[in-house]
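Below you will find the structure I want to go over with you.
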2 protein chains.
Amino acid sequence: MAKILIIDDEPSIVNLVSAYLKPEGYEVYTATDGPAGLKAAKTYKPDLLVLDIMLPGMDGLELLSRLRRESEVYVILLTARTEETDKIVGLSVGADDYVTKPFSPRELVARIKAALRRLNAGSSPGGAEILSFKRVRLDAGARMVTVDDHPIDLTAIEFDLLKALAENRGRVLTREQLLDKVWGGTYFGEMRVVDVHLGHVRQKLGHESLITTVRGVGYRFEDEPL
Amino acid sequence: MAKILIIDDEPSIVNLVSAYLKPEGYEVYTATDGPAGLKAAKTYKPDLLVLDIMLPGMDGLELLSRLRRESEVYVILLTARTEETDKIVGLSVGADDYVTKPFSPRELVARIKAALRRLNAGSSPGGAEILSFKRVRLDAGARMVTVDDHPIDLTAIEFDLLKALAENRGRVLTREQLLDKVWGGTYFGEMRVVDVHLGHVRQKLGHESLITTVRGVGYRFEDEPL
DNA sequence: CGCGGGCTTTACAAAACCTTTAAGATTGCT
DNA sequence: AGCAATCTTAAAGGTTTTGTAAAGCCCGCG
(Lines give C-alpha, C1' and ligand atoms only; values in the text may rest on other atoms or scores of the structure.)
Protein backbone atom coordinates (compact mmCIF):
# COMPACT_ATOMS: atom_id res chain seq x y z
CA MET A 1 0.00 0.00 0.00
CA ALA A 2 0.94 3.66 0.09
CA LYS A 3 4.15 4.90 1.73
CA ILE A 4 3.98 7.88 4.04
CA LEU A 5 6.84 9.85 5.54
CA ILE A 6 6.36 11.91 8.68
CA ILE A 7 8.88 14.59 9.55
CA ASP A 8 8.46 16.25 12.92
CA ASP A 9 10.86 16.91 15.74
CA GLU A 10 8.40 15.90 18.43
CA PRO A 11 8.52 12.13 18.78
CA SER A 12 5.12 12.10 20.45
CA ILE A 13 3.50 13.61 17.40
CA VAL A 14 5.33 11.26 15.12
CA ASN A 15 4.21 8.33 17.19
CA LEU A 16 0.67 9.57 17.43
CA VAL A 17 0.31 9.92 13.70
CA SER A 18 2.02 6.60 13.06
CA ALA A 19 -0.32 4.92 15.47
CA TYR A 20 -3.24 6.17 13.48
CA LEU A 21 -1.83 5.36 10.08
CA LYS A 22 -0.36 1.92 10.54
CA PRO A 23 -3.65 0.20 11.32
CA GLU A 24 -4.93 1.61 8.04
CA GLY A 25 -2.30 -0.42 6.28
CA TYR A 26 0.14 2.30 5.32
CA GLU A 27 3.90 1.92 5.30
CA VAL A 28 5.06 4.64 7.66
CA TYR A 29 8.53 6.15 7.76
CA THR A 30 9.64 8.85 10.15
CA ALA A 31 12.34 11.43 10.65
CA THR A 32 12.85 13.95 13.44
CA ASP A 33 14.97 16.62 11.85
CA GLY A 34 15.34 18.38 8.55
CA PRO A 35 18.42 16.78 7.04
CA ALA A 36 17.32 13.29 8.01
CA GLY A 37 13.89 14.04 6.63
CA LEU A 38 15.20 15.17 3.30
CA LYS A 39 17.33 12.08 3.04
CA ALA A 40 14.46 9.82 4.00
CA ALA A 41 12.26 11.44 1.38
CA LYS A 42 14.84 10.71 -1.28
CA THR A 43 15.47 7.21 -0.06
CA TYR A 44 12.00 5.92 0.51
CA LYS A 45 10.19 7.93 -2.14
CA PRO A 46 6.96 8.15 -0.15
CA ASP A 47 3.63 8.79 -1.81
CA LEU A 48 2.81 11.40 0.75
CA LEU A 49 4.74 13.55 3.16
CA VAL A 50 3.59 15.02 6.46
CA LEU A 51 5.94 17.85 7.29
CA ASP A 52 6.22 20.09 10.33
CA ILE A 53 7.19 23.63 9.48
CA MET A 54 9.35 24.07 12.52
CA LEU A 55 12.27 21.70 12.52
CA PRO A 56 15.70 21.69 14.06
CA GLY A 57 18.56 21.73 11.62
CA MET A 58 16.58 22.91 8.67
CA ASP A 59 13.37 24.83 8.35
CA GLY A 60 10.44 22.84 7.02
CA LEU A 61 9.84 25.31 4.26
CA GLU A 62 13.40 25.12 3.16
CA LEU A 63 13.22 21.37 3.15
CA LEU A 64 10.10 21.56 1.07
CA SER A 65 11.49 23.89 -1.52
CA ARG A 66 14.62 21.77 -1.84
CA LEU A 67 12.62 18.62 -2.14
CA ARG A 68 10.42 20.14 -4.80
CA ARG A 69 13.39 20.34 -7.15
CA GLU A 70 13.26 16.65 -7.62
CA SER A 71 9.97 15.32 -6.34
CA GLU A 72 6.28 15.75 -6.96
CA VAL A 73 5.35 14.06 -3.71
CA TYR A 74 2.10 15.21 -2.10
CA VAL A 75 2.90 17.30 0.98
CA ILE A 76 0.73 18.09 3.98
CA LEU A 77 2.21 20.82 6.12
CA LEU A 78 1.85 20.98 9.89
CA THR A 79 1.87 24.56 11.03
CA ALA A 80 1.76 25.69 14.63
CA ARG A 81 0.91 29.23 13.82
CA THR A 82 -2.49 30.36 12.83
CA GLU A 83 -1.16 33.19 10.76
CA GLU A 84 -2.53 33.12 7.30
CA THR A 85 0.80 34.10 5.91
CA ASP A 86 2.30 30.80 6.93
CA LYS A 87 -0.34 28.92 5.11
CA ILE A 88 0.01 31.03 2.03
CA VAL A 89 3.77 30.83 2.03
CA GLY A 90 3.57 27.12 2.59
CA LEU A 91 1.26 26.59 -0.31
CA SER A 92 3.28 28.87 -2.56
CA VAL A 93 6.41 26.89 -1.81
CA GLY A 94 4.66 23.81 -2.97
CA ALA A 95 2.67 22.24 -0.16
CA ASP A 96 -0.55 20.60 -1.24
CA ASP A 97 -2.44 20.90 1.99
CA TYR A 98 -1.88 22.03 5.52
CA VAL A 99 -3.16 21.30 9.00
CA THR A 100 -2.71 23.69 11.89
CA LYS A 101 -1.48 22.49 15.23
CA PRO A 102 -3.01 21.49 17.49
CA PHE A 103 -4.67 19.14 15.09
CA SER A 104 -7.05 16.30 15.45
CA PRO A 105 -5.21 13.14 14.48
CA ARG A 106 -8.40 11.96 12.92
CA GLU A 107 -8.63 15.01 10.73
CA LEU A 108 -5.07 14.54 9.58
CA VAL A 109 -5.73 10.91 8.76
CA ALA A 110 -8.86 11.86 6.90
CA ARG A 111 -6.93 14.33 4.80
CA ILE A 112 -4.20 11.84 4.11
CA LYS A 113 -6.70 9.28 2.97
CA ALA A 114 -8.52 11.80 0.83
CA ALA A 115 -5.26 12.91 -0.77
CA LEU A 116 -4.16 9.38 -1.54
CA ARG A 117 -7.57 8.54 -2.89
CA ARG A 118 -7.31 11.50 -5.19
CA LEU A 119 -3.81 10.54 -6.25
CA ASN A 120 -4.86 7.03 -7.09
CA ALA A 121 -7.98 8.13 -8.86
CA GLY A 122 -6.16 8.83 -12.10
CA SER A 123 -3.93 5.79 -12.18
CA SER A 124 -5.22 2.60 -10.66
CA PRO A 125 -8.78 2.12 -9.57
CA GLY A 126 -8.46 1.73 -5.81
CA GLY A 127 -11.81 0.20 -5.11
CA ALA A 128 -13.82 -1.05 -8.03
CA GLU A 129 -14.74 1.84 -10.26
CA ILE A 130 -17.90 0.24 -11.50
CA LEU A 131 -20.14 -2.07 -9.56
CA SER A 132 -22.51 -4.06 -11.71
CA PHE A 133 -25.43 -6.10 -10.50
CA LYS A 134 -28.45 -7.73 -12.02
CA ARG A 135 -30.48 -4.59 -11.81
CA VAL A 136 -28.25 -1.89 -10.39
CA ARG A 137 -25.18 -0.45 -11.99
CA LEU A 138 -23.04 2.01 -10.10
CA ASP A 139 -20.24 4.03 -11.65
CA ALA A 140 -18.02 5.55 -8.98
CA GLY A 141 -16.04 7.65 -11.42
CA ALA A 142 -19.10 9.23 -12.93
CA ARG A 143 -21.06 9.03 -9.71
CA MET A 144 -23.98 7.68 -11.65
CA VAL A 145 -26.43 4.96 -10.92
CA THR A 146 -28.84 3.09 -13.14
CA VAL A 147 -31.59 0.66 -12.20
CA ASP A 148 -32.74 -1.53 -15.06
CA ASP A 149 -30.86 0.92 -17.29
CA HIS A 150 -32.83 3.88 -16.06
CA PRO A 151 -30.53 6.58 -14.77
CA ILE A 152 -31.22 7.61 -11.20
CA ASP A 153 -30.32 10.97 -9.76
CA LEU A 154 -28.75 10.62 -6.31
CA THR A 155 -27.23 13.24 -4.02
CA ALA A 156 -23.70 12.85 -2.74
CA ILE A 157 -24.66 11.12 0.48
CA GLU A 158 -27.24 8.95 -1.16
CA PHE A 159 -24.69 7.80 -3.68
CA ASP A 160 -22.05 7.03 -1.09
CA LEU A 161 -24.57 5.19 1.00
CA LEU A 162 -25.64 2.99 -1.87
CA LYS A 163 -22.03 2.45 -2.84
CA ALA A 164 -21.06 1.40 0.67
CA LEU A 165 -23.88 -1.10 0.73
CA ALA A 166 -23.22 -2.36 -2.77
CA GLU A 167 -19.54 -2.86 -2.03
CA ASN A 168 -20.62 -5.15 0.76
CA ARG A 169 -23.39 -6.92 -1.07
CA GLY A 170 -25.01 -9.58 1.04
CA ARG A 171 -23.48 -8.38 4.29
CA VAL A 172 -25.30 -6.41 6.91
CA LEU A 173 -23.81 -3.01 7.64
CA THR A 174 -24.73 -1.31 10.89
CA ARG A 175 -25.62 2.34 11.00
CA GLU A 176 -22.31 2.96 12.68
CA GLN A 177 -20.39 1.31 9.90
CA LEU A 178 -22.31 3.29 7.37
CA LEU A 179 -21.65 6.53 9.21
CA ASP A 180 -17.99 5.61 9.22
CA LYS A 181 -17.86 4.80 5.55
CA VAL A 182 -20.03 7.62 4.28
CA TRP A 183 -19.53 10.43 6.76
CA GLY A 184 -16.02 9.41 7.71
CA GLY A 185 -15.35 9.33 11.42
CA THR A 186 -15.81 13.05 11.91
CA TYR A 187 -19.55 12.95 12.28
CA PHE A 188 -21.04 13.17 15.72
CA GLY A 189 -24.72 13.76 15.05
CA GLU A 190 -27.74 11.58 15.18
CA MET A 191 -27.53 8.09 13.83
CA ARG A 192 -30.95 8.36 12.33
CA VAL A 193 -29.62 10.41 9.42
CA VAL A 194 -28.83 7.06 7.93
CA ASP A 195 -32.48 6.06 8.00
CA VAL A 196 -33.56 9.24 6.35
CA HIS A 197 -31.08 9.14 3.51
CA LEU A 198 -31.62 5.47 3.07
CA GLY A 199 -35.31 6.17 2.78
CA HIS A 200 -34.53 8.60 -0.03
CA VAL A 201 -32.40 6.04 -1.81
CA ARG A 202 -35.18 3.51 -1.61
CA GLN A 203 -37.68 5.97 -2.94
CA LYS A 204 -35.48 6.81 -5.86
CA LEU A 205 -34.51 3.24 -6.62
CA GLY A 206 -38.08 2.03 -6.33
CA HIS A 207 -37.42 -0.23 -3.41
CA GLU A 208 -38.00 -3.66 -4.89
CA SER A 209 -36.30 -5.29 -1.92
CA LEU A 210 -32.88 -4.19 -3.14
CA ILE A 211 -32.04 -2.93 0.31
CA THR A 212 -33.27 -5.02 3.20
CA THR A 213 -33.73 -3.80 6.72
CA VAL A 214 -32.23 -6.13 9.28
CA ARG A 215 -34.08 -5.04 12.36
CA GLY A 216 -31.91 -4.30 15.34
CA VAL A 217 -28.76 -4.51 13.26
CA GLY A 218 -28.65 -2.49 10.08
CA TYR A 219 -29.15 -2.75 6.34
CA ARG A 220 -28.14 -5.15 3.59
CA PHE A 221 -27.93 -4.76 -0.17
CA GLU A 222 -29.41 -7.75 -1.94
CA ASP A 223 -28.99 -7.56 -5.68
CA GLU A 224 -26.97 -10.34 -7.31
CA PRO A 225 -23.69 -9.64 -9.01
CA LEU A 226 -23.70 -9.69 -12.78
CA MET B 1 -16.57 -5.09 28.02
CA ALA B 2 -14.10 -2.24 27.93
CA LYS B 3 -13.09 -0.39 31.08
CA ILE B 4 -13.06 3.40 31.07
CA LEU B 5 -11.68 5.70 33.72
CA ILE B 6 -12.86 9.29 33.99
CA ILE B 7 -10.79 11.79 35.94
CA ASP B 8 -12.33 15.20 36.44
CA ASP B 9 -12.81 17.33 39.52
CA GLU B 10 -16.32 18.40 38.59
CA PRO B 11 -18.73 15.70 39.70
CA SER B 12 -21.34 16.97 37.28
CA ILE B 13 -19.08 16.24 34.34
CA VAL B 14 -18.11 12.86 35.69
CA ASN B 15 -21.74 11.95 36.17
CA LEU B 16 -22.76 13.23 32.79
CA VAL B 17 -20.14 11.20 30.99
CA SER B 18 -20.84 8.13 33.09
CA ALA B 19 -24.50 8.44 32.32
CA TYR B 20 -23.71 8.32 28.64
CA LEU B 21 -21.22 5.49 28.81
CA LYS B 22 -22.85 3.01 31.15
CA PRO B 23 -25.83 2.29 28.93
CA GLU B 24 -23.36 1.42 26.20
CA GLY B 25 -22.14 -1.38 28.38
CA TYR B 26 -18.81 0.04 29.50
CA GLU B 27 -17.37 -0.47 32.93
CA VAL B 28 -16.92 3.07 34.19
CA TYR B 29 -14.58 4.12 36.99
CA THR B 30 -14.17 7.66 38.23
CA ALA B 31 -11.83 9.84 40.23
CA THR B 32 -12.06 13.50 41.14
CA ASP B 33 -8.50 14.47 41.85
CA GLY B 34 -5.05 13.76 40.55
CA PRO B 35 -3.58 11.37 43.12
CA ALA B 36 -6.77 9.32 43.28
CA GLY B 37 -6.89 9.27 39.49
CA LEU B 38 -3.37 8.00 39.16
CA LYS B 39 -4.04 5.30 41.70
CA ALA B 40 -7.27 4.31 40.01
CA ALA B 41 -5.50 4.07 36.70
CA LYS B 42 -2.92 1.72 38.16
CA THR B 43 -5.52 -0.32 40.01
CA TYR B 44 -8.19 -0.77 37.39
CA LYS B 45 -6.01 -0.74 34.30
CA PRO B 46 -8.68 0.81 32.11
CA ASP B 47 -8.65 0.45 28.36
CA LEU B 48 -9.27 4.13 27.94
CA LEU B 49 -8.82 7.20 30.07
CA VAL B 50 -10.75 10.47 29.93
CA LEU B 51 -8.64 13.08 31.68
CA ASP B 52 -9.31 16.68 32.55
CA ILE B 53 -6.24 18.86 32.30
CA MET B 54 -7.09 20.97 35.29
CA LEU B 55 -7.19 18.93 38.46
CA PRO B 56 -6.75 19.66 42.13
CA GLY B 57 -3.81 17.99 43.80
CA MET B 58 -1.97 17.17 40.63
CA ASP B 59 -2.02 18.71 37.23
CA GLY B 60 -3.58 16.50 34.55
CA LEU B 61 -0.49 16.75 32.41
CA GLU B 62 1.73 15.70 35.23
CA LEU B 63 -0.53 12.77 35.89
CA LEU B 64 -0.38 11.84 32.26
CA SER B 65 3.38 12.00 31.98
CA ARG B 66 3.76 9.94 35.14
CA LEU B 67 1.25 7.41 33.95
CA ARG B 68 3.00 7.12 30.62
CA ARG B 69 6.02 5.67 32.32
CA GLU B 70 4.14 2.47 32.87
CA SER B 71 1.07 2.42 30.72
CA GLU B 72 0.12 2.63 27.08
CA VAL B 73 -3.52 3.32 27.84
CA TYR B 74 -5.41 5.40 25.30
CA VAL B 75 -5.96 8.88 26.69
CA ILE B 76 -8.52 11.48 25.70
CA LEU B 77 -7.77 14.86 27.18
CA LEU B 78 -10.43 17.33 28.23
CA THR B 79 -9.11 20.83 27.79
CA ALA B 80 -10.72 24.11 28.71
CA ARG B 81 -11.54 25.97 25.57
CA THR B 82 -9.00 27.38 23.16
CA GLU B 83 -5.86 27.01 25.18
CA GLU B 84 -3.85 26.14 22.14
CA THR B 85 -0.79 25.47 24.16
CA ASP B 86 -2.63 22.95 26.29
CA LYS B 87 -3.49 20.87 23.29
CA ILE B 88 0.00 20.92 21.93
CA VAL B 89 1.55 20.08 25.22
CA GLY B 90 -1.08 17.45 25.83
CA LEU B 91 -0.39 15.67 22.61
CA SER B 92 3.32 15.95 23.11
CA VAL B 93 3.07 14.45 26.58
CA GLY B 94 1.30 11.47 25.15
CA ALA B 95 -2.42 12.08 24.90
CA ASP B 96 -4.04 10.33 21.96
CA ASP B 97 -6.94 12.68 21.38
CA TYR B 98 -8.50 15.68 22.99
CA VAL B 99 -11.88 17.30 23.33
CA THR B 100 -12.33 20.94 24.21
CA LYS B 101 -14.75 22.02 26.90
CA PRO B 102 -17.56 22.75 26.67
CA PHE B 103 -17.99 19.52 24.78
CA SER B 104 -20.89 17.56 23.42
CA PRO B 105 -21.24 14.36 25.42
CA ARG B 106 -22.28 12.66 22.26
CA GLU B 107 -19.08 13.64 20.55
CA LEU B 108 -17.01 12.40 23.44
CA VAL B 109 -18.83 9.09 23.42
CA ALA B 110 -18.38 8.81 19.68
CA ARG B 111 -14.66 9.38 20.03
CA ILE B 112 -14.41 6.85 22.80
CA LYS B 113 -16.17 4.25 20.75
CA ALA B 114 -14.07 4.98 17.70
CA ALA B 115 -10.90 4.71 19.74
CA LEU B 116 -11.89 1.42 21.30
CA ARG B 117 -12.96 0.07 17.97
CA ARG B 118 -9.55 0.89 16.57
CA LEU B 119 -7.80 -0.65 19.53
CA ASN B 120 -9.72 -3.88 19.20
CA ALA B 121 -9.46 -4.03 15.44
CA GLY B 122 -6.23 -5.95 15.29
CA SER B 123 -6.85 -8.42 18.07
CA SER B 124 -9.89 -10.64 17.90
CA PRO B 125 -11.38 -11.64 14.57
CA GLY B 126 -14.56 -12.83 16.32
CA GLY B 127 -16.16 -16.16 15.57
CA ALA B 128 -16.40 -17.87 12.23
CA GLU B 129 -18.27 -15.88 9.65
CA ILE B 130 -20.09 -18.80 8.11
CA LEU B 131 -21.20 -22.00 9.79
CA SER B 132 -22.09 -24.78 7.39
CA PHE B 133 -23.86 -28.01 8.25
CA LYS B 134 -25.59 -30.75 6.36
CA ARG B 135 -28.86 -28.95 6.27
CA VAL B 136 -28.33 -25.61 7.95
CA ARG B 137 -26.13 -22.82 6.74
CA LEU B 138 -25.63 -19.72 8.84
CA ASP B 139 -23.94 -16.57 7.57
CA ALA B 140 -23.03 -14.23 10.41
CA GLY B 141 -22.02 -11.35 8.15
CA ALA B 142 -25.28 -11.37 6.28
CA ARG B 143 -27.25 -12.58 9.28
CA MET B 144 -28.97 -15.05 7.05
CA VAL B 145 -29.89 -18.67 7.53
CA THR B 146 -30.85 -21.33 5.05
CA VAL B 147 -32.22 -24.80 5.67
CA ASP B 148 -31.82 -27.13 2.71
CA ASP B 149 -31.06 -23.98 0.73
CA HIS B 150 -34.32 -22.32 1.66
CA PRO B 151 -33.73 -18.92 3.19
CA ILE B 152 -35.26 -18.54 6.64
CA ASP B 153 -36.27 -15.24 8.14
CA LEU B 154 -35.13 -14.97 11.75
CA THR B 155 -35.33 -12.08 14.18
CA ALA B 156 -32.21 -10.78 15.89
CA ILE B 157 -32.61 -12.92 19.00
CA GLU B 158 -33.62 -15.99 17.07
CA PHE B 159 -30.57 -15.66 14.89
CA ASP B 160 -28.19 -15.21 17.80
CA LEU B 161 -29.78 -18.12 19.59
CA LEU B 162 -29.33 -20.45 16.66
CA LYS B 163 -25.81 -19.19 16.15
CA ALA B 164 -24.89 -19.83 19.75
CA LEU B 165 -26.20 -23.36 19.50
CA ALA B 166 -24.63 -24.01 16.12
CA GLU B 167 -21.25 -22.79 17.34
CA ASN B 168 -21.46 -25.45 20.01
CA ARG B 169 -22.86 -28.22 17.88
CA GLY B 170 -23.35 -31.43 19.82
CA ARG B 171 -22.94 -29.79 23.22
CA VAL B 172 -25.78 -28.96 25.52
CA LEU B 173 -26.11 -25.29 26.40
CA THR B 174 -28.09 -24.35 29.46
CA ARG B 175 -30.60 -21.56 29.39
CA GLU B 176 -28.21 -19.53 31.46
CA GLN B 177 -25.40 -19.97 28.98
CA LEU B 178 -27.71 -19.02 26.19
CA LEU B 179 -28.92 -15.95 28.04
CA ASP B 180 -25.30 -15.00 28.51
CA LYS B 181 -24.35 -15.48 24.89
CA VAL B 182 -27.44 -13.95 23.35
CA TRP B 183 -28.63 -11.36 25.83
CA GLY B 184 -25.19 -10.65 27.20
CA GLY B 185 -25.09 -10.65 30.96
CA THR B 186 -27.35 -7.64 31.39
CA TYR B 187 -30.60 -9.52 31.33
CA PHE B 188 -32.54 -10.05 34.53
CA GLY B 189 -35.92 -11.28 33.38
CA GLU B 190 -37.48 -14.67 33.14
CA MET B 191 -35.39 -17.52 31.93
CA ARG B 192 -38.35 -18.85 30.01
CA VAL B 193 -37.77 -16.34 27.22
CA VAL B 194 -35.30 -18.80 25.90
CA ASP B 195 -37.98 -21.43 25.53
CA VAL B 196 -40.25 -19.08 23.69
CA HIS B 197 -37.69 -17.87 21.21
CA LEU B 198 -36.35 -21.33 20.75
CA GLY B 199 -39.85 -22.44 19.96
CA HIS B 200 -39.99 -19.82 17.25
CA VAL B 201 -36.71 -20.97 15.80
CA ARG B 202 -37.95 -24.54 15.67
CA GLN B 203 -41.13 -23.46 13.99
CA LYS B 204 -39.26 -21.52 11.36
CA LEU B 205 -36.61 -24.15 10.77
CA GLY B 206 -39.21 -26.92 10.56
CA HIS B 207 -37.97 -28.73 13.62
CA GLU B 208 -36.75 -32.02 12.22
CA SER B 209 -34.86 -32.72 15.41
CA LEU B 210 -32.22 -30.12 14.59
CA ILE B 211 -32.48 -28.76 18.10
CA THR B 212 -32.95 -31.30 20.86
CA THR B 213 -34.38 -30.60 24.27
CA VAL B 214 -32.30 -32.02 27.08
CA ARG B 215 -34.79 -32.11 29.85
CA GLY B 216 -33.67 -30.41 33.03
CA VAL B 217 -30.54 -29.05 31.38
CA GLY B 218 -30.94 -27.13 28.18
CA TYR B 219 -30.77 -27.51 24.41
CA ARG B 220 -28.44 -29.03 21.88
CA PHE B 221 -27.95 -28.43 18.17
CA GLU B 222 -27.68 -31.68 16.21
CA ASP B 223 -26.91 -31.18 12.56
CA GLU B 224 -23.68 -32.67 11.27
CA PRO B 225 -20.89 -30.47 10.05
CA LEU B 226 -20.33 -30.30 6.34
C1' DC C 1 -28.96 39.14 0.07
C1' DG C 2 -32.47 36.02 -1.06
C1' DC C 3 -33.08 31.44 -3.28
C1' DG C 4 -32.80 26.60 -3.62
C1' DG C 5 -30.93 22.22 -2.87
C1' DG C 6 -29.25 19.18 0.17
C1' DC C 7 -28.32 17.78 5.00
C1' DT C 8 -29.84 17.14 9.71
C1' DT C 9 -33.04 16.94 13.30
C1' DT C 10 -37.38 16.05 15.19
C1' DA C 11 -41.67 13.97 15.79
C1' DC C 12 -45.15 10.67 15.28
C1' DA C 13 -47.31 6.56 13.64
C1' DA C 14 -46.78 1.94 12.18
C1' DA C 15 -44.53 -2.27 12.33
C1' DA C 16 -41.77 -5.67 14.35
C1' DC C 17 -40.29 -7.53 18.18
C1' DC C 18 -39.66 -9.11 23.10
C1' DT C 19 -41.45 -10.59 27.43
C1' DT C 20 -44.67 -12.41 30.31
C1' DT C 21 -48.26 -15.34 31.39
C1' DA C 22 -50.80 -19.31 31.55
C1' DA C 23 -52.97 -23.22 29.79
C1' DG C 24 -52.01 -27.60 27.79
C1' DA C 25 -48.58 -31.32 26.57
C1' DT C 26 -44.88 -34.18 27.53
C1' DT C 27 -41.59 -36.59 30.17
C1' DG C 28 -39.62 -39.23 33.88
C1' DC C 29 -40.26 -41.30 38.14
C1' DT C 30 -42.45 -44.14 41.56
C1' DA D 1 -51.09 -45.42 35.90
C1' DG D 2 -50.61 -41.26 38.49
C1' DC D 3 -48.01 -37.36 39.78
C1' DA D 4 -44.81 -33.70 39.63
C1' DA D 5 -41.62 -31.42 37.12
C1' DT D 6 -40.60 -29.65 32.93
C1' DC D 7 -41.38 -28.08 28.44
C1' DT D 8 -44.23 -26.13 24.45
C1' DT D 9 -47.06 -22.86 22.49
C1' DA D 10 -50.39 -19.31 21.79
C1' DA D 11 -51.82 -14.89 22.85
C1' DA D 12 -51.77 -10.32 24.98
C1' DG D 13 -49.35 -6.27 26.41
C1' DG D 14 -45.64 -3.34 26.28
C1' DT D 15 -41.38 -1.80 24.34
C1' DT D 16 -38.17 -0.81 20.85
C1' DT D 17 -37.04 0.09 16.23
C1' DT D 18 -38.01 1.82 11.85
C1' DG D 19 -40.25 4.69 8.00
C1' DT D 20 -41.31 9.06 6.64
C1' DA D 21 -43.05 13.64 6.60
C1' DA D 22 -42.04 18.15 7.88
C1' DA D 23 -39.30 21.89 9.40
C1' DG D 24 -34.93 24.19 10.14
C1' DC D 25 -30.21 24.89 8.93
C1' DC D 26 -26.37 25.72 6.12
C1' DC D 27 -23.93 26.81 2.06
C1' DG D 28 -23.08 27.93 -2.64
C1' DC D 29 -24.99 30.64 -6.32
C1' DG D 30 -26.91 34.13 -8.73
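Just so we're clear, the structure is a prediction, and the values are computed from it rather than from any experiment. The chains referred to below are lettered A, B, ... by the order of the sequence lines, with proteins before strands, and numbering in each begins at 1.
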message: Check this one for me: any side-chain N or O of A:Q203 less than 4.0 Å away from OP1 or OP2 of D:dG19?
response: no
query: Between B:L55 and B:D9, what is the shortest heavy-atom contact and its length?
result: CD2-N, 3.7 Å
- prompt: Ion pair present between B:D195 and B:R175, side-chain N to carboxylate O less than 4.0 angstrom?
  reply: yes
- request: Return the value, rounded to whole Å, for the distance between atom CD of A:E190 and atom P of D:dT20.
  value: 19 Å
field: Nearest-angstrom distance from the residue atom CG of B:L161 to C1' of D:dT8
entry: 15 Å
- prompt: Between B:L198 (CG) and C:dC17 (C1'), how many Å, whole number?
  reply: 17 Å
task: Quickly work out the B:R202 CZ to D:dC7 P distance and round it to whole Å.
output: 10 Å
- line: note: A:D153, atom CG; C:dG4, atom C1'; distance rounded to Å ~ 15 Å
task: Tell me which nucleotide among C:dT8, C:dT26, C:dC7 gets nearest to the side chain of B:R215.
output: C:dT26
field: B:I4 CD1 to B:L21 CG distance, which is reported to the nearest 0.5 Å
entry: 4.5 Å
- request: Using a heavy-atom cut-off of under 4.0 Å over every strand shown, decide if A:G199 touches base, sugar-phosphate, or nothing.
  value: nothing
- request: Quickly work out the B:H197 NE2 to D:dT8 P distance and round it to whole Å.
  value: 14 Å
query: Looking at the side chain of A:V196, which of C:dT8, C:dT19, D:dG19 is the nearest nucleotide?
result: C:dT8
message: If you only use heavy atoms from C-beta on, which nucleotide in C:dC7, C:dT9, D:dT8 is closest to the side chain of B:T213?
response: D:dT8
- request: Check whether more than 12 heavy atoms from other residues, nucleotides or ligands sit under 6.0 Å from atom CD of B:E176, and answer yes or no.
  value: no
task: Name the residue closer to the 5' end of DNA chain D, choosing between B:H200 and B:R192 according to the nucleotide with the nearest heavy atom.
output: B:R192
field: Name of the residue among B:K181, B:R143, B:H197 meeting side-chain hydrogen bond (donor to acceptor under 3.5 Å, both in side chains) with B:D160
entry: B:R143
message: Taking the minimum atom-to-atom distance to the side chain of A:D195, which one of C:dT8, C:dG6, D:dT18 wins?
response: D:dT18
message: So, taking the atom named CG in B:L179 and the one named CG in B:L173, what distance separates them when rounded to the nearest 0.5 Å?
response: 11.5 Å
task: Check whether any side-chain nitrogen or oxygen of B:T155 sits under 4.0 Å from OP1 or OP2 of C:dC18, and answer yes or no.
output: yes
- request: Write down the distance between CZ (B:F159) and C1' (C:dC17), rounded to a whole number of angstrom.
  value: 17 Å
query: In Å, rounded to the nearest 0.5 Å, how long is the span from NE2 of B:H150 to CZ of B:R135?
result: 9.5 Å
message: Rounded to whole Å, please give me the gap between CD in A:E158 and C1' in C:dC7.
response: 10 Å
task: Assign a letter to each nucleotide of nucleotides 24-30 of chain D from its 5' end: B, base within under 4.0 Å of a protein heavy atom; S, sugar-phosphate only; -, no contact.
output: -------
task: Enter the distance from A:E224:CD to A:F221:CZ here, rounded to the nearest 0.5 Å.
output: 11.0 Å
task: Please round to the nearest 0.5 Å and tell me the distance separating atom CD1 of A:I211 and atom CG of A:L198.
output: 4.5 Å
message: So, using side-chain hydrogen bond (donor to acceptor under 3.5 Å, both in side chains) as the criterion, who are the partners of B:R202 when residues are at least two apart?
response: B:T213
Out of D:dT8, D:dA10, D:dG19, whichever nucleotide has its closest atom nearest the side chain of B:Y219: D:dT8
- prompt: Contact class for B:I157 vs. all strands (heavy atom < 4.0 Å): base, sugar-phosphate, or nothing?
  reply: sugar-phosphate
- line: Note: contacts of residues 168-187 of chain B with DNA chain C (heavy atom, under 4.0 Å) are B:W183, B:Y187
